[in-house]
Amino acid sequence: MAPILLNCMGNERNEYIKYVKNPNLETMEEDILYHLSLSTKTHNLPEMFGDIKFVCVGGSANRMKAFAQFIHKELELSGNPEEITDICEGTDRYCMYKVGPVLSISHGMGVPSISIMLHELIKLLHHAQCQDVVLFRLGTSGGVGLAPGTVVVTEKAVDYSFQPQFEQVVLGKVITRSTELDEEVASELLQCSSELQNIPTVIGNTMCTHDFYEGQGRLDGALCSFSHEDKLEYLRKAYDAGVRNIEMESTVFAAMCRVCGLKAAVVCVTLLNRFEGDQIKSPHDVLVEYQQRPQILVSHFIKKRLGYVV
């Protein structure tokens, strides 16, 4: 099949569609990335984003701003990191910060929220004609048989039945997509962790759920229809299936990146061991330090790729 062509920014050059997998975009005079407050007509996306090589996404807007400021310092860029501006300030859905070749974006909580952001992000990377981009999801999670503070680099993102798949309902039909992540990036991240202090890191499967409470087997929600022993039995099955942490975004992140040909990794720190309880009880300062661990690890990866670290 011949490559689909798309006219970008209304110019005369046709570029091959690489990341997007939607032929309908070919017929659109303007593509409005509504939830990012960007458009192919009102913004010169290649000029704004064409040099992006790394995209880091995470749930919290404050955390992704803090990461942008952190990577700004790590890359020793000019200017005051405290003065970086939110590119998506025209909307309150997501925040986005560009720091040299790094894009830092929030995605909210859960599969629907990150899915919307990813559709528009992937189109943004396409319209900007970005090449060889690596995506990272940085986040927090519940550990399964791991000590709090352990960083999990995801091998496979799995669903509630521990299968490496994401199910999307399209026109009333269930579409199943693979959720395997890039082995090379995961191995490189594990190597980076060995070069850092106090960043205990493992590679394991990450279970993605559609809920924080019942869906993750918590006993402390407003509803609970199972016993403590039921919970432990399910967690033991998860552990035996290779699951080492639980969160709420990894399957759709892995599936969309895989379909669109983007190298990607999920890097989440555990805030508790779910075998030992359901509520997070670590002091605030300890949690802040835990949450910085994925940022430090991915920052080291980026600096090595850019030649800052030998």
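Computed from a predicted structure; not experimentally measured.
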Which distance, rounded to the nearest 0.5 Å, do you find between the [atom1] of [X] and the [atom2] of [Y]?
{"X": "Ile175", "Y": "Gln165", "atom1": "CD1", "atom2": "CD", "value": "12.5 Å"}
{"X": "Arg274", "Y": "Tyr234", "atom1": "CZ", "atom2": "OH", "value": "10.5 Å"}
{"X": "Ser282", "Y": "Leu287", "atom1": "OG", "atom2": "CG", "value": "5.0 Å"}

If we only count heavy atoms from C-beta on, is the [X] to [Y] side-chain gap below 4.5 Å?
{"X": "His119", "Y": "Met256", "value": "yes"}
{"X": "Asp51", "Y": "Lys98", "value": "yes"}
{"X": "Glu155", "Y": "Glu183", "value": "no"}
{"X": "Ser113", "Y": "Tyr94", "value": "yes"}
{"X": "Val144", "Y": "Met207", "value": "no"}
{"X": "Phe49", "Y": "Ile87", "value": "yes"}
{"X": "Leu124", "Y": "Leu103", "value": "yes"}
{"X": "Ile71", "Y": "Phe54", "value": "no"}

Discussion item. Between Thr206 and Glu247, is the side chain to side chain donor-acceptor pair (under 3.5 Å) condition met? List the steps.
Written reply: CA-CA 7 Å; Thr206 297; Glu247 45 85 273; over 6 Å; no

Item to complete: Report the C-alpha separation of Asp211 and Thr209 in whole Å, then their side-chain angles, then the decisive distance to 0.1 Å, and conclude whether the side chain to side chain donor-acceptor pair (under 3.5 Å) test is met.
Response: CA-CA 6 Å; Asp211 169 57; Thr209 68; over 6 Å; no

Worksheet item: Would Glu195 and Lys304 count as a salt bridge (Lys or Arg N to Asp or Glu O under 4.0 Å) if you check the C-alpha gap in whole Å, the side-chain angles of each, and the deciding distance to 0.1 Å?
Response: CA-CA 11 Å; Glu195 299 165 5; Lys304 287 189 70 173; 3.0 Å; yes

Worksheet entry | Cationic N near anionic O, under 4.0 Å, Arg236 to Glu229 | yes

For [X] and [Y], which heavy atoms make the closest approach, and how far apart are they?
{"X": "Ser193", "Y": "Leu297", "result": "N-CD1, 3.5 Å"}
{"X": "Tyr97", "Y": "Met64", "result": "CD1-O, 4.2 Å"}
{"X": "His35", "Y": "Ile116", "result": "ND1-CG2, 3.5 Å"}
{"X": "Thr251", "Y": "Val158", "result": "CG2-O, 3.5 Å"}

Fill in: Val134/Arg305 under side chain to side chain contact (heavy atoms under 4.5 Å, CB included): CA gap, chis, key distance, verdict
CA-CA 11 Å; Val134 183; Arg305 281 285 183 101; 3.9 Å; yes

Worksheet item: Within the side chain of Glu120, is there an N or O that forms a donor-acceptor pair under 3.5 Å with the backbone of Leu36?
Response: yes

